[in-house]
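Heads up: the structure comes next, in structure tokens.
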There are 2 protein chains.
Amino acid sequence: MDYEPLGVAADLVILTVRDGSLQVLLIRRGIAPYRGRWALPGGFVRPKEDLEEAARRELAEETGLGSERIHLEQVATYGEPGRDPRGRVVSVAYLALVPDLPTPVAGTDAASASWVAVAEMLEDPRRLAFDHHRILTDAVERARAKLEYSPLAAAFCPDEFTISELRGIYEAVWGVLLDPRNFHRKATKTDGFVVPVGATTTRDGGRPAQLFRRGPAVTLHPPLTRG
Amino acid sequence: MDYEPLGVAADLVILTVRDGSLQVLLIRRGIAPYRGRWALPGGFVRPKEDLEEAARRELAEETGLGSERIHLEQVATYGEPGRDPRGRVVSVAYLALVPDLPTPVAGTDAASASWVAVAEMLEDPRRLAFDHHRILTDAVERARAKLEYSPLAAAFCPDEFTISELRGIYEAVWGVLLDPRNFHRKATKTDGFVVPVGATTTRDGGRPAQLFRRGPAVTLHPPLTRG
DNA sequence: GGGTCTTATCGTCAAACTGACGACAATCGA
DNA sequence: TCGATTGTCGTCAGTTTGACGATAAGACCC
């Protein structure tokens, strides 16, 4: 076969919702290029490894999440010749949605990983290394869009959650406030979105709220609306 | 940098609507592996070439379309280690939507390219070489989904088109029949979807139909519904 | 125990949208 | 002139949305 070989990497946009805001896991680069900047976690795909396998491996390395139950999906691939000053690298970007774990970010990789507010990173393209601002933009937009027509918001929640907590996810990801009453109606009446567990919790204060689990639906008909 | 280099290719799913059916441009493979099977057009990304640039180059080679005005978007990247028996190749798949051109398929590449009904190819996974059945499935699903919430259907039409022609696109891509009256209402009343040109045509027989052009909208609110 | 605060949940109502379908308009070919 | 064909406008009932009032069920304070 006649081809010029290139480096292929998997980069991860790991999102969570903490304290009511959408956050992304980033690594502070300790070495040039882009030393001191934030970057997405990622690494090269190994010779006998599938792309998604590589992404899951990185995810586990960065978060300690034994990842089967974590939502992971491919977003896009970036291969502009000049995107990495060290050489030609094609990056396959993956989006991971994780619940707000009490787990510390146990980075086995050298650099210090931390959760950073997405809004802050999107503000200024120069806060992120390489073309990672673009990758983050695309991944966040994908997440925002998918909340509309898929039950994906539950991927940010623990196994059991209240409707308010679910609404909090939407509000954090979309950056809008939603009417609690209309949201409640929509979430509970959309077929297969959530199923009641039977128990209640008072962890949010106020009247005890029913607990729900994610339902079997794959798509939401009709979709929820942003704003 | 420490990595194992891989081959990176761009594969194309070029769709059009002809004779009321959704068709894809395929190449009959003349050499092993998968000799005699249909395959998606594609080729390796060159050392100094962007991924999309490579896709546009292939598109031009296969269709003769000087492609600026052609809709081209990335669908996904496939990199399972065993997907190409000749070696490790990572393929970035692109989706192209082209109008039904009178242009002959001027394949400069050796093999014979032709338009094939998508339904026929989706029926049996073994009619396509490599993992191209999966790629085609993903790309077609992407196209189907995007027709719902984006004005993309117009990419299948000539510059000026009638509402019926537009409806024909939806019917071919979705494989359903739509009510002409409701479709007409929806298409003309959705803000920015289509704008009237002022002229009419009788090319479909019957009463002359207004001609429209694609409008400025990027997304359709609310979306059209399949079935 | 009685207020008061907070969050959960149900209900109401008008406006918008959908899907089914009737009716009429404008052309062509016989 | 008479169908046949396709385009376009209307009507109507059922559904969904968005705004918002009202009540429920706890916690907290005195």
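Letters A, B, ... mirror the listed sequences (proteins, then strands); counts begin at 1.
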Between B/Asp138 and B/Arg142 (salt bridge meaning N to carboxylate O under 4.0 Å), is one present in this structure?
no

Looking at D/dG10, does its base get a donor-acceptor pair with the side chain of B/Arg185 below 3.5 Å?
no

Can A/Glu160 and A/Arg203 be counted as an ion pair, charged N to O under 4.0 angstrom?
no

DNA chain C: 5'-proximal contact among A/Ser164 and B/Gly205 (nearest heavy atom):
A/Ser164

Per the atom types in the model, does the base of D/dG21 pair as donor or acceptor with the side chain of A/Arg181 at under 3.5 Å?
yes

Does the side chain of A/His184 get closer than 4.0 angstrom to OP1 or OP2 of C/dT9 through an N or O atom?
yes

So, A/Asp179 and A/Arg185, do they make that salt bridge, N to O below 4.0 Å?
no

Quick check on DNA chain D: between B/Pro180 and A/Asp179, whose nearest nucleotide comes earlier from the 5' end?
B/Pro180

Below 4.0 angstrom from OP1 or OP2 of D/dG18, is there any side-chain N or O of A/Thr225?
yes

Give a yes/no answer on whether the side chain of A/Lys186 brings an N or O atom under 4.0 Å of OP1 or OP2 in D/dT17.
yes

Answer yes when A/Glu52 and A/Arg56 have at least one side-chain N-carboxylate O distance shorter than 4.0 Å, and no when they do not.
yes

Is it the case that the base of D/dG7 and the side chain of B/Arg167 share a donor-acceptor contact (distance under 3.5 Å, atom types as modelled)?
no

Hey, does the side-chain of A/Arg207 have a donor or acceptor N/O within less than 3.5 Å of a partner on the base of C/dA8?
yes

